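Index from 1, following the sequence. Bear in mind the structure is a predicted one, so any value in this text is a computation, not a measurement.
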Amino acid sequence: MLRVEGVHSFYGSVEALKGVDLAVEEGEIVALIGANGAGKSTLLMTICGSPRAAQGHITFAGADITGAATHEIARLGISHAPEGRHIFPRMTVLENLQIGAIPAGEAHFATDAERVFTLFPILRERKGQRGGTLSGGEQQMLAIGRALMSRPRLLLLDEPSLGLAPMVVKQIFAVIREINAERKITVFLVEQNAHHALRLAHRGYVMQTGRIVLAGTGAELLANAEVRAAYLEGGA
């Protein structure tokens, strides 16, 4: 479904991605783990067209999207829930969902909003409340719900557990599993919580300083001595 081939990306003169190659197959959950500053978030943003890939190719469902505008990529079926949530704090929960639904149009809004409220019942109770007044966990639920409103084929999730209480993290990961298994949405997950991410994922990649250095199934990476030392046992 998604192919990233030899992708380089820059912030000014700083090279953030240094020839990244990876693939996400339809129906999978694929996790990308790595330390802060490794380039994980940059990769997701580059897939979405901002920043643009300076070299290499990105294809989605057989179409080259390397030079496509972000709104065009969204309409093709890629949705992004970014790190830090970035909801619209002055808009209500319902208004945030309306913004998320723009790429899909208005025809299915009521049905899709109901699906989000089924996944996250607390958002139904908060639907008239401004996003900025929600708790951190509720804002993360809203960010995922807003991303789902575009009816994506591929959902990009960037650090969905960041800063959340353990019980909320458990709920978020259960929803990700449900989105994939029951709603048949492919998921590409960036996550510092390597244990949760690799237990959830069918396959995973490890990124260091803008490069992919390891790949395997979730179980293989969980058992890998280097991964355990660096990401699962308190290592750097």
Side-chain angles (χ1 to χ4, degrees), residues 1-4 7 9 15-48 80-86 119-120 135-141 143-144 147 154-182 185-236:
M1 174 179 273
L2 178 73
R3 292 283 186 277
V4 177
V7 166
S9 186
E15 188 175 22
L17 302 179
K18 304 172 182 178
V20 172
D21 293 285
L22 58 77
V24 179
E25 302 298 340
E26 188 165 6
E28 287 188 311
I29 299 175
V30 175
L32 178 64
I33 65 171
N36 277 334
K40 305 184 303 298
S41 295
T42 299
L43 176 59
L44 293 193
M45 292 188 291
T46 302
I47 291 167
C48 292
H80 183 203
E83 180 182 2
R85 300 143 198 167
H86 293 284
L119 287 171
F120 301 114
S135 70
E138 291 163 354
Q139 289 187 16
Q140 185 61 69
M141 294 173 194
I144 295 173
L154 173 63
L155 179 62
L156 309 180
L157 295 176
D158 195 350
E159 303 287 5
S161 76
L162 186 65
L164 303 184
M167 286 300 295
V168 180
V169 171
K170 185 177 180 180
Q171 182 181 358
I172 293 291
F173 274 85
V175 167
I176 294 169
R177 180 178 285 109
E178 180 178 345
I179 289 168
N180 175 255
E182 297 185 17
I185 297 174
T186 304
V187 178
F188 186 27
L189 169 69
V190 162
E191 179 57 59
Q192 282 199 54
N193 191 325
H195 179 73
H196 278 300
L198 294 176
R199 284 186 63 192
L200 179 69
H202 300 100
R203 294 189 301 110
Y205 293 90
V206 179
M207 177 174 274
Q208 291 179 2
T209 59
R211 295 181 173 89
I212 300 298
V213 295
L214 284 171
T217 67
E220 287 169 347
L221 292 177
L222 276 171
N224 182 283
E226 293 178 53
V227 172
R228 295 192 64 82
Y231 305 107
L232 300 174
E233 298 172 351

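- For Lys40 (side chain) and Leu32 (main-chain N/O), no donor-acceptor pair under 3.5 Å exists by modelled atom type.
- Taking the side chain as every heavy atom from C-beta outward, Val227 and Leu198 approach each other to under 4.5 Å.
- Closest heavy-atom contact between Pro160 and Glu191: CD-OE1, 3.1 Å.
- Checking Ser9 against Thr46 by side-chain atom types alone, a donor-acceptor pair falls below 3.5 Å.
- By the 4.5 Å heavy-atom criterion applied to side chains, Glu159 and Val190 are counted as neighbours.
- Two residues are said to be in side-chain contact when any heavy atoms from C-beta on lie closer than 4.5 Å; Met45 and His80 meet this criterion.
- Contact detail for Ser41 and Asp158: the closest heavy-atom pair is OG-OD2, 2.7 Å.
- More than 12 heavy-atom neighbours from other residues, nucleotides or ligands sit within 6.0 angstrom of CD on Glu178.
- The side-chain contact (heavy atoms from CB on, under 4.5 Å) test with Ile212 singles out one residue from Leu17, Val4, Val20, Asp21, and that residue is Val20.
- No side-chain heavy atom of Leu155 sits under 4.5 Å from any side-chain heavy atom of Asn180.
- The shortest distance between side-chain heavy atoms of Ile172 and Ser161 does not fall below 4.5 Å.
- The side-chain contact (heavy atoms from CB on, under 4.5 Å) test applied to Glu25 returns Arg3, Ala23, Glu28, Arg203, not counting sequence neighbours.
- The closest side-chain heavy-atom distance from Leu22 to Phe188 is below 4.5 Å.
- Leu119 has its side chain within reach of Ile179: a pair of non-hydrogen atoms, C-beta onward, lies under 4.5 Å apart.
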| task | Begin from the C-alpha positions of Leu164 and Gln171 and carry the test side-chain contact (heavy atoms from CB on, under 4.5 Å) through to its verdict. | result | CA-CA 10 Å; Leu164 303 184; Gln171 182 181 358; over 6 Å; no
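- Closest heavy-atom contact between Thr186 and Gly27: OG1-N, 2.8 Å.
- Looking at every heavy atom in both residues, Leu232 comes nearest to Ala194 through CD2-CB, 3.7 Å.
- Remark: the backbone N or O of His202 is not paired with any side-chain donor or acceptor of Thr217 at under 3.5 angstrom.
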| What's the verdict on side-chain contact (heavy atoms from CB on, under 4.5 Å) for Val206 and Tyr231, showing C-alpha distance, side-chain angles and the deciding distance? | CA-CA 10 Å; Val206 179; Tyr231 305 107; 3.6 Å; yes
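- In this view, Arg199 and His195, Leu222 satisfy the side-chain contact (heavy atoms from CB on, under 4.5 Å) rule, not counting sequence neighbours.
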